[in-house]
Number of protein chains: 2
Amino acid sequence: MLAASLQLADEEGLAAVTMQAVADRLGVTPMALYRHVKNKADLLDGVVESILLEVPLPDVTEAWPDRLAALARGTRSAALRHPGVFPLLLQRAAVTPGARRARDVVYDALREAGLREDDVVRFERLLATAILGFAASEAGGRFAAHSAEQLNADFALLQDTLAAAILGALAAQSV
Amino acid sequence: MLAASLQLADEEGLAAVTMQAVADRLGVTPMALYRHVKNKADLLDGVVESILLEVPLPDVTEAWPDRLAALARGTRSAALRHPGVFPLLLQRAAVTPGARRARDVVYDALREAGLREDDVVRFERLLATAILGFAASEAGGRFAAHSAEQLNADFALLQDTLAAAILGALAAQSV
DNA sequence: ACCTGAACACCGTTCAAGT
DNA sequence: ACCTGAACACCGTTCAAGT
């Protein structure tokens with residue numbers, strides 16, 4: 001049912017995700033959905049969560065900068081796969097298992113980098129908002145006029161900037 | 001009419017902005033709105049634009065870093081004033097007068113800083129996505145569990161990171 | 001447990017008609 | 001020019017009823 005909703009959103013946009021359209025796709029009446037979902041908001045929460053769970057977690061054996069870069073790329077890919085829904089990610093509290101999963105990857109990487117615990121949580125939030133902001137902007141259409149190469153270069157600049165910020169914090173705390 | 005729509009969104013959320021509710025607030029029938037607006041999407045575009053135009057432009061006599069910081073603060077304030085609508089800003093192409101207005105402030109500041117023209121446009125996009133991403137996350141509710149002090153500190157870290165990136169680019173190009 | 005039919009109050013939008 | 005009444009096809013959701 002979440003899969004059907006997500007597919008519908010990808011094909012026809014978020015506005016096409018109605019209880020009746022989802023039910024149709026499942027060969028059932030709209031009212032049957034209320035057995036599995038509290039209401040429409042709950043259904044959309046489920047769709048958002050399933051996108052979050054789609055982001056592949058990087059291999060723990062990789063070096064921490066590679067893990068962060070891979071997670072960022074994975075997030076961006078998920079956004080481009082689901083442009084109609086992705087902007088919703090910024091409108092839900094980051095307290096679900098899918099959100100926690102990604103956050104833990106970043107926490108572990110930043111700890112391994114050597115950041116102090118308070119900087120770990122600060123930098124996780126910095127990374128998450130910057131990457132999600134970029135991905136949501138790109139998927140949402142704010143960059144409509146830009147070429148793929150431009151966007152790739154922009155994403156690289158963002159990643160470099162964030163990496164430099166982490167290295168800067170490390171240098172500052174080892175003084 | 002845009003003012004009435006925005007007010008409605010602020011008071012009761014974006015979902016409450018229906019043609020009928022807006023018309024009610026204006027003491028008119030829903031159909032009368034179609035005289036002034038093509039359809040509902042057009043109305044929402046107008047609301048988004050009016051938020052963009054609400055962001056105060058910094059005084060040109062200020063130094064460039066202060067102008068950038070002031071614009072960022074003004075954007076964040078607008079988001080907090082209109083949390084229900086702000087996430088929509090990431091879903092509209094940045095081609096309206098309101099978007100251009102803010103972009104020109106950043107262009108001028110970055111040129112004055114001494115960046116090369118290609119870096120000017122790259123860094124403007126970096127700044128815009130990072131600041132809008134933060135503001136949309138905060139307004140949208142992704143940070144629901146965090147305190148105001150935490151969020152202020154996070155915003156400061158973001159601004160510092162972006163400022164450092166600009167200074168880094170300046171240093172690199174003057175080698 | 002799971003699904004349905006009928007119903008409710010509400011959507012966005014059109015069209016012809018009114019002033 | 002601007003607004004309205006009536007109508008259309010669609011929403012989300014509830015409830016009692018069916019298997």
Side-chain angles (χ1 to χ4, degrees), chain A residues 1-52 82-93 96 139-142 144, chain B residues 1-52 82-93 96 139-142 144:
Chain A
M1 159 178 191
L2 294 179
S5 305
L6 184 50
Q7 206 179 334
L8 196 57
D10 291 342
E11 292 171 12
E12 309 179 36
L14 188 59
V17 182
T18 67
M19 298 304 268
Q20 0 258 323
V22 172
D24 260 20
R25 213 164 249 250
L26 297 170
V28 102
T29 59
M31 304 76 89
L33 302 181
Y34 287 85
R35 204 52 41 182
H36 307 93
V37 111
K38 199 165 140 284
N39 50 33
K40 194 184 171 183
D42 193 27
L43 185 153
L44 290 179
D45 281 354
V47 171
V48 163
E49 180 69 0
S50 70
I51 293 181
L52 239 19
H82 309 294
V85 199
F86 198 84
L88 282 186
L89 290 227
L90 295 183
Q91 303 186 48
R92 313 254 104 242
T96 63
R142 220 172 61 79
Chain B
M1 161 178 191
L2 294 179
S5 305
L6 184 51
Q7 206 179 334
L8 196 57
D10 291 342
E11 292 170 12
E12 308 179 35
L14 189 58
V17 182
T18 66
M19 298 304 265
Q20 1 257 325
V22 172
D24 260 18
R25 214 165 250 250
L26 297 169
V28 104
T29 60
M31 304 75 90
L33 302 181
Y34 288 83
R35 206 47 46 179
H36 307 92
V37 112
K38 199 165 140 284
N39 50 32
K40 194 184 171 182
D42 194 27
L43 184 153
L44 290 180
D45 281 354
V47 171
V48 163
E49 179 70 359
S50 70
I51 292 182
L52 239 19
H82 309 293
V85 198
F86 199 84
L88 283 185
L89 290 227
L90 296 184
Q91 305 186 46
R92 313 255 104 244
T96 62
R142 219 173 60 80

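The shown structure was predicted, so the numbers you read here are calculated from the model rather than taken from an experiment.
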Are any non-hydrogen side-chain atoms of A:Val85 and A:Val17 less than 4.5 angstrom apart?
-> no

Considering only heavy atoms from C-beta outward, does the side chain of B:Asp10 approach that of B:Leu6 to under 4.5 Å?
-> yes

Can you give one letter per nucleotide of nucleotides 9-14 of chain C, 5' to 3': B if a protein heavy atom sits under 4.0 Å from the base, S if only from the sugar-phosphate, - if neither?
-> --SBBB

NE2 on B:His36 to CG on B:Leu26, rounded to 0.5 Å | 9.0 Å

If you take all heavy atoms of A:Val47 and A:Ser50, which pair is closest and at what distance?
-> O-OG, 2.7 Å

Does D:dG18 have a Watson-Crick or wobble mate here (both distances under 3.5 Å), and if so which one?
-> C:dC2

Under 4.0 Å between a side-chain N/O of A:His36 and OP1 or OP2 of C:dA1, yes or no?
-> no

Most 5' of A:Thr29 and B:Arg35 on DNA chain C, judged by nearest nucleotide = A:Thr29

Heavy-atom side-chain proximity of B:Leu43 to B:Met1 below 4.5 angstrom = yes

Base-pairing assignment for C:dC8 (Watson-Crick or G-U wobble, both under 3.5 Å) | D:dG12

In whole angstrom, give the distance that lies between atom CG of B:Leu26 and atom C1' of D:dT4.
-> 15 Å

Would a 4.5 Å heavy-atom cut-off, applied to side chains only, mark A:Val22 and A:Met19 as touching?
-> no

